[in-house]
Amino acid sequence: PEVRNDVENGLATLIKENYPDAEVLMGTSTAGIAHAAITAHLMDMPMGYVRSGHKDHGRGNQIEGRLEKGQKVVVVEDLISTGGSCIETVNVLREAGAEVLGVISIMTYGMKKGIDRMAEAGIRNMSAYIRKMALDGYCVNLDLTDVKELVHLLRQCSNNLNQYAKKAHQTGSIYEEDVRDLKERFD
């Protein structure tokens, strides 16, 4: 309950700070629904959610909850990786006439593909839990330039060694020029 309170209060704070004109919260199906409901309750706001597809019974709604054309909406998501479900949800809401102010998520992986796709769709995302962890000192920004360079060199060496091993396996011998080349690369 303590972590959940931190998360939901973090979502509410980010919405108030970044989307002060929000009128409705909409959760993504299914994981965003509970977070949207709790956060909407904390903020005394209406909420709804967007299904991944139309219902196959009843009215066949894809949007559940009251949404009027022109209402300012913030989408609530639990986790963003490639941005697919967020983009789909935002598109459905836009097609219904909502003004989507942005997306609030508990966490995002920060994957380039997701960031690029969200930017292309004109969607702004704020992430709550990671922000709270950073503010509380659990996240540290490290300069990993040297580690990245080392990983790059190790991959390069590994690829070269694999090529030479494959060649030795196919021909049954190791060539002196290959050994010289490896020594030069390792120096």
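- Under a 3.5 Å cut-off, the side chain of Q170 and the backbone N or O of K167 do not form any donor-acceptor pair.
- Screening V90, N91, T89 for a side chain to side chain contact (heavy atoms under 4.5 Å, CB included) involving I87 leaves a single residue, N91.
- Side-chain N or O atoms of E77 include none that pairs as donor or acceptor with a backbone N or O of S105 at under 3.5 Å.
- Checked by atom type and distance alone, the side chain of Q62 pairs as donor or acceptor with a backbone atom of R51 at under 3.5 Å.
- In this structure, L11 and H35 have side chains that are in contact, with non-hydrogen atoms separated by less than 4.5 Å.
- Following chains of ILVMFWY side-chain contacts shorter than 4.5 Å, one cannot reach I38 starting from I15, and the two form parts of different hydrophobic clusters.
- Separation of atoms CG (N18) and CD1 (I104) is listed at 6.0 Å; rounding is to 0.5 Å.
- Atom CG of L93 is separated from atom CD of E88 by 10.5 Å, given to the nearest 0.5 angstrom.
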**OP:** Determine, step by step, whether L67 and M26 satisfy the side-chain contact (heavy atoms from CB on, under 4.5 Å) criterion, reporting the C-alpha distance in whole Å, the side-chain angles of both residues, the deciding distance to 0.1 Å, and the verdict.
**Re:** CA-CA 9 Å; L67 177 68; M26 284 285 174; 3.9 Å; yes

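- Expressed to the nearest 0.5 Å, how far NE2 of H41 lies from OG1 of T39 amounts to 10.5 Å.
- Contact check for I115 versus R117: no side-chain heavy atoms found under the 4.5 Å cut-off.
- Within 6.0 Å of CG on L150 lie more than 12 heavy atoms contributed by other residues, nucleotides or ligands.
- Using a 4.5 Å heavy-atom cutoff, the side chains of I80 and M111 are not in contact.
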